[in-house]
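What follows is a single structure, written as structure tokens, with notes after it.
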Amino acid sequence: MILNKKIGCFLTIFCFFNAGFAAAAEPAADQTDKSAAEITLLPENSSLRSYVKEETTDTDSVPEEEEKTWLNNLVSTVAEKGAQAISPDYQEAENLYRTNASVFDISGVMLRMTEKQVDEAMLKRGYQKNYEKFEIPNFIRWRYEEQCRNNGVVGYERTDACVIKMAQKNNYQYVEQREFNNFRTKENMHIFFTSNFTGNKVYRIIYQSEAANIKGSGAKADYLRNIKIYDFWKKINQKYGVPDNKEQVIWGLGENKPYLQAATGKLMLYDPMLLELDYTRMSREDQRFMNTDVYTF
């Protein structure tokens, strides 16, 4: 008899939790008519796991919280947030920023770190490097290609090798991207670096996790997916606090300053100010090239 009551409670709680996610996947027009207050939430100071295990016969006695936290409201619409792609363009966000995201880290990696610091941080967290891309600024490459051809180098491969050799000699070649994977936890880190004109430092970090992408369409798979999604947002709340823009889930000081943006299983830490500085310094160097040995009269 007690076992039947436990099973009935579990199925009821699962249905309510799964319904919250199904409601979040409805079109945006319907969501504007249904506020987060209409969605039944977990009791205050109660975890999802403990609530599922709770021995009670009254399955309709879930109390509503007097003050709903941003986390519970976000979990209620997590299906919608998970479908959104993280974008570096957030100029339409509300002008209510107050968090200094430049001090944030994702798995120990922070903005403006060097490639050596990134490798050390990733190694400590159990990540392995599986991709690396080197780059040469275009305005440097084009001039070196011309110099190589003028020195008698012909053919694409030979010209490219000549350009790379000259760029390495003059410290113009740099690490543009690195990708790390933690195969045990199914996590991925994609890290982008500026050129050597700004010290080859991190300006963007993209994190992705496959933990919430549990395969299957049965009741068990749905339940495990919901647990993983809830735990993801709970950890986000614990580490970074309440976002400055809850609609787009953004932490930052606004304008062109560093910011963090989150979606289900995804995080992006971005410093547009550092990238703009890198472009500015490259532009100045390009002008320096343009103003030398162009005219002879």
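On a predicted model such as this, the values are computed, not experimentally measured, just so you know. Residue numbers start at 1 and run along the sequence shown.
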Pairwise side-chain contact, [X] with [Y], heavy-atom cut-off 4.5 Å (strictly under):
X	Y	value
M110	F104	no
V202	R112	no
Y174	E115	no
L267	I206	no
Y203	I191	no
Y131	K129	no
I250	P243	no
E135	Q173	no

Report the C-alpha separation of F192 and L275 in whole Å, then their side-chain angles, then the decisive distance to 0.1 Å, and conclude whether the side-chain contact (heavy atoms from CB on, under 4.5 Å) test is met. CA-CA 10 Å; F192 298 81; L275 185 61; over 6 Å; no
Salt-bridge contact [X]-[Y] (side-chain N to carboxylate O under 4.0 Å):
X	Y	answer
K201	D271	no
D222	R225	yes
K239	D105	yes

With sequence neighbours excluded, residues passing side-chain hydrogen bond (donor to acceptor under 3.5 Å, both in side chains) with Q147: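 Partners of Q147 under the side-chain hydrogen bond (donor to acceptor under 3.5 Å, both in side chains) test: none.
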Which atom of [X] lies closest to which atom of [Y], heavy atoms considered:
X	Y	answer
N196	N171	ND2-O, 3.0 Å
C148	M166	SG-SD, 3.7 Å
M189	I106	CE-O, 3.2 Å
Y259	A101	CA-CB, 3.6 Å
V175	E132	CG2-OE2, 4.0 Å
N182	Y127	N-CD2, 3.5 Å

For residues E276 and N256, is any side-chain donor paired with an opposing acceptor at under 3.5 Å?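 N256 and E276 do have a side-chain donor-acceptor pair below 3.5 Å.
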Donor + acceptor pair across side chains of E179, N188 (<3.5 Å):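 A pair is found: one side chain offers a donor N or O, the other an acceptor, under 3.5 Å apart.
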Give a yes or no answer on whether the side chain of [X] reaches the backbone of [Y] with a donor-acceptor pair at less than 3.5 Å.
X	Y	value
N130	N181	no
S283	Y279	no
D286	M282	no
N170	Y172	no
D244	G252	yes
D160	Y156	no
R125	A121	no
N200	T114	no
W251	Y240	yes

Could you go through the side-chain contact (heavy atoms from CB on, under 4.5 Å) check for V109 and M122 one step at a time? CA-CA 7 Å; V109 179; M122 289 285 88; 3.4 Å; yes
Between atom [atom1] of [X] and atom [atom2] of [Y], what is the distance when rounded to the nearest 0.5 Å?
X	Y	atom1	atom2	value
L111	S102	CG	OG	7.5 Å
R143	I136	CZ	CD1	14.0 Å
K228	Y223	NZ	OH	11.5 Å
I164	T159	CD1	OG1	11.0 Å
Q177	K133	CD	NZ	5.0 Å
K234	I229	NZ	CD1	15.5 Å

Tell me if the CD atom of Q238 is crowded by more than 12 foreign heavy atoms within 6.0 Å.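 Yes, because the 6.0 Å sphere around CD of Q238 holds more than 12 heavy atoms from other groups.
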When you measure from the centre of the six-membered ring of F197, is the NZ or CZ of R281 closer than 6.0 Å and no more than 45° off the axis?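 Geometry flag: not set, cation outside 6.0 Å or 45°.
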Count I, L, V, M, F, W, Y as connected when their side-chain heavy atoms are under 4.5 Å apart, and connections chain through other members. Are [X] and [Y] then in the same cluster?
X	Y	answer
F193	F134	yes
V103	Y207	yes
L277	M273	no

Step by step, would you call T99 with L253 a side-chain contact (heavy atoms from CB on, under 4.5 Å)? CA-CA 5 Å; T99 304; L253 295 172; 5.7 Å; no
For a side-chain contact (heavy atoms from CB on, under 4.5 Å) check, start with the C-alpha distance between S209 and K186, then their side-chain angles and the critical distance, and finish with the verdict. CA-CA 6 Å; S209 172; K186 298 181 180 180; 5.8 Å; no
